[in-house]
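All values reported here derive from a predicted model rather than from experimental measurement. Letters go in sequence order (proteins before strands), and every chain restarts at 1.
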2 protein chains.
Amino acid sequence: MDMRKLVGRNLARLRQAQKLTQEELAMRSGFSQQYLSDVERGLKNPTIITLYEIALALSVSHVALVEPDGMAEETAPQPKRRRAAGTGRIK
Amino acid sequence: MDMRKLVGRNLARLRQAQKLTQEELAMRSGFSQQYLSDVERGLKNPTIITLYEIALALSVSHVALVEPDGMAEETAPQPKRRRAAGTGRIK
DNA sequence: AGTCGTTACATATTATAGTTGATAAACTTG
DNA sequence: CAAGTTTATCAACTATAATATGTAACGACT
């Protein structure tokens, strides 16, 4: 299950349904057209606040952006989050 | 509408409903107890992948973590996303 | 073919998400 | 009440999300 792809598909579908271009949504949301393009193509892992603000600009519920859309899932696994970082404290 | 607080409330409620400690959820999810504590208290702005992985560890749908929970919204506005960054290119 | 509108691609930078370890504070239990 | 358990808090670090800018590629239309 790839959340980036799911959210991307939902976003693209909802935007197109409203006959909006990415540029128009960009202006409404304050995100750049280039960023929205990446999100729609599943290349970005947005935060929940970003999700909400995009939904707001689209006048839809943020839930609509994360709901399963009935598309067949690919066999590729969900991209994982970041790996291990610093020790958190100077030893 | 503060997404961080909403997700935090949903997470805490669902976790407690399953009688899980943050430590146990931490072990199941691979996130640290400290991080989950921050998320539950609305102090973190997780990405959609993080959202999904927490939901997976809780054996609930990720949608359950973002659904409105009927709590009265505070008058404080949604925290905004990040501000302007670099110029993107050496001029 | 040329033009226009739209989307995709590239790059460098900054802000912040997520990690880690330590530990204080709060809560629960016997 | 003391001890054990759970959650909250702090701080420093690394990885990455988001920004800004430029522009290539694509599709539609004349």
Side-chain angles (χ1 to χ4, degrees), chain A residues 2-5 7-9 11-58 65 78-91, chain B residues 2-5 7-9 11-58 65 78-91:
Chain A
D2 187 339
M3 281 297 278
R4 295 182 298 184
K5 289 235 171 62
V7 167
R9 289 195 301 266
L11 170 54
R13 191 190 68 246
L14 291 163
R15 174 180 63 79
Q16 285 156 7
Q18 298 188 16
K19 304 286 196 293
L20 290 175
T21 62
Q22 289 177 348
E23 189 62 54
E24 280 178 333
L25 184 58
M27 287 189 294
R28 291 184 186 190
S29 63
F31 290 101
S32 67
Q33 174 270 316
Q34 289 91 330
Y35 182 71
L36 293 174
S37 174
D38 282 344
V39 173
E40 287 192 5
R41 287 177 297 136
L43 299 180
K44 292 290 183 185
N45 175 25
T47 63
I48 54 174
I49 288 179
T50 297
L51 192 80
Y52 179 77
E53 295 208 346
I54 292 177
L56 211 50
L58 263 179
L65 287 180
Q78 153 92 326
K80 293 295 184 183
R81 65 185 192 277
R82 60 172 301 168
R83 298 294 91 198
T87 62
R89 200 173 269 271
I90 299 175
K91 298 296 288 188
Chain B
D2 187 339
M3 280 297 278
R4 294 181 302 184
K5 288 228 169 68
V7 168
R9 291 197 297 268
L11 171 54
R13 189 189 69 247
L14 291 162
R15 176 180 62 79
Q16 286 156 7
Q18 298 188 15
K19 306 282 195 289
L20 289 176
T21 62
Q22 289 177 348
E23 189 62 53
E24 280 178 336
L25 183 59
M27 287 189 294
R28 290 183 185 192
S29 64
F31 291 99
S32 68
Q33 175 271 316
Q34 293 91 326
Y35 181 71
L36 292 175
S37 174
D38 282 344
V39 173
E40 288 193 1
R41 288 177 295 135
L43 299 180
K44 292 289 183 186
N45 177 23
T47 63
I48 55 174
I49 287 180
T50 297
L51 192 81
Y52 179 77
E53 294 208 346
I54 292 177
L56 210 50
L58 263 180
L65 287 181
Q78 152 91 324
K80 293 295 185 184
R81 64 187 192 274
R82 60 175 303 165
R83 296 295 92 200
T87 62
R89 199 173 267 271
I90 299 177
K91 295 296 285 186

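- Remark: C1' of D:dT6 and CD of B:Gln16 are 11 Å apart, rounded to the nearest angstrom.
- Side-chain atoms of A:Thr50 and A:Tyr35, non-hydrogen and from C-beta on, do get closer than 4.5 Å to each other.
- B:Gln33 and B:Glu23 form no side-chain donor-acceptor contact under 3.5 Å, judged by distance and modelled atom types alone.
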Begin from the C-alpha positions of B:Arg15 and B:Leu36 and carry the test side chain to side chain contact (heavy atoms under 4.5 Å, CB included) through to its verdict. CA-CA 11 Å; B:Arg15 176 180 62 79; B:Leu36 292 175; over 6 Å; no
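- As rounded to whole Å, 8 Å separates atom C1' of D:dA8 from atom CD of B:Gln22.
- Across residues 24-35 of chain A, A:Phe31, A:Gln34, A:Tyr35 each have a non-hydrogen atom less than 4.0 Å from an atom of DNA chain D (numbered order).
- Contact annotation: B:Arg15 side-chain N/O to D:dT6 OP1/OP2 distance is not under 4.0 Å.
- Across all their heavy atoms, A:Glu53 and A:Ser29 have their closest contact at O-CB, 4.5 Å.
- For B:Asp38, the side chain to side chain contact (heavy atoms under 4.5 Å, CB included) criterion is met by B:Arg41, B:Leu43, B:Lys44, not counting sequence neighbours.
- Spacing between atom CD1 of A:Ile48 and atom C1' of C:dT16 amounts to 14 Å, rounded to whole angstrom units.
- Distance A:Leu43 CG to D:dA18 P: 13 Å, rounded to the nearest Å.
- Using a 4.0 Å heavy-atom cutoff across all strands shown, A:Thr21 reaches sugar-phosphate atoms only and no base atom.
- Using a 4.5 Å cut-off on side-chain heavy atoms (C-beta onward), B:Leu58 and B:Leu20 make contact.
- Across the interface with DNA chain D, nearest-nucleotide mapping of B:Asn45 and B:Leu36 shows B:Leu36 to be the residue nearer the 5′ end.
- Rounded to an integer number of Å, the gap from NZ of B:Lys44 to P of C:dA15 is 17 Å.
- At C:dT7, none of the side-chain N or O atoms of A:Ser37 fall inside 4.0 Å of OP1 or OP2 (strictly under the cut-off).
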